[in-house]
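First up is the structure itself, then whatever we jot down about it.
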Amino acid sequence: GGIQAISRSLYGKMVPKENANEFFGFYNIFGKFAAIMGPFLMAIITQATGHTRNGILSLIILFVIGFLCLTRVDDTNHKASVIKNKEIES
């Protein structure tokens with residue numbers, strides 16, 4: 001809930017306003033992909049190992065991939081605009 005809301009708001013601030021519909025379309029598609037890949041990965045690993053615990057632990061792979069993707073996000077323009085807005089408000 002909370003993380004999804006925060007990621008959407010950050011994403012909304014980072015995408016170009018004139019192409020927001022296209023970018024949020026991609027965002028939605030990747031969300032649907034994750035909703036399919038998570039249970040699929042869990043089912044495959046659970047079936048292969050015979051233990052549900054291993055299936056749940058396999059989801060860590062998706063979190064690691066997400067973390068690695070987020071470390072490559074360049075949000076310097078967003079940070080600069082936040083600082084500029086705070087200076088204007090002061």
Side-chain angles (χ1 to χ4, degrees):
I3 290 177
Q4 194 268 346
I6 291 170
S7 69
R8 265 185 96 78
S9 67
L10 176 63
Y11 189 75
K13 291 176 182 177
M14 293 176 67
V15 300
K17 301 285 186 230
E18 61 275 0
N19 297 9
N21 292 337
E22 293 175 46
F23 279 86
F24 275 103
F26 287 126
Y27 184 89
N28 191 26
I29 292 295
F30 284 116
K32 291 180 188 301
F33 177 74
I36 292 169
M37 282 306 295
F40 179 74
L41 181 63
M42 183 176 165
I44 293 296
I45 299 300
T46 300
Q47 186 71 27
T49 64
H51 298 288
T52 308
R53 180 179 296 162
N54 294 339
I56 292 172
L57 291 175
S58 71
L59 297 178
I60 291 173
I61 294 168
L62 296 179
F63 285 102
V64 169
I65 292 170
F67 175 76
L68 292 174
C69 289
L70 284 176
T71 59
R72 298 182 53 96
V73 172
D74 179 19
D75 65 341
T76 53
N77 289 338
H78 173 67
K79 287 179 184 178
S81 68
V82 168
I83 291 170
K84 184 178 177 182
N85 288 339
K86 284 184 180 181
E87 290 174 354
I88 291 172
E89 291 174 359
S90 298

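As the structure is a computational prediction, the values presented were derived from the model and not from experiment.
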Which donor-acceptor pairs under 3.5 Å do side chains of residues 52-69 form with protein atoms, sequence neighbours excluded?
{"unit_1": "Asn54", "atom_1": "ND2", "unit_2": "Thr49", "atom_2": "OG1", "d": "3.4"}
{"unit_1": "Ser58", "atom_1": "OG", "unit_2": "Gly55", "atom_2": "O", "d": "2.5"}

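Between Pro39 and Ala34, the closest heavy-atom pair is CD-O, 4.3 Å.
Rounding to the nearest 0.5 angstrom, the gap separating the CZ atom in Phe26 from the OH atom in Tyr11 is 8.0 Å. Taking CZ of Phe23 as the start and CD of Glu18 as the end, the distance is 8.5 Å to the nearest 0.5 Å.
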Derivation and outcome, side chain to side chain contact (heavy atoms under 4.5 Å, CB included), residues Arg8 and Phe24: CA-CA 9 Å; Arg8 265 185 96 78; Phe24 275 103; 3.7 Å; yes
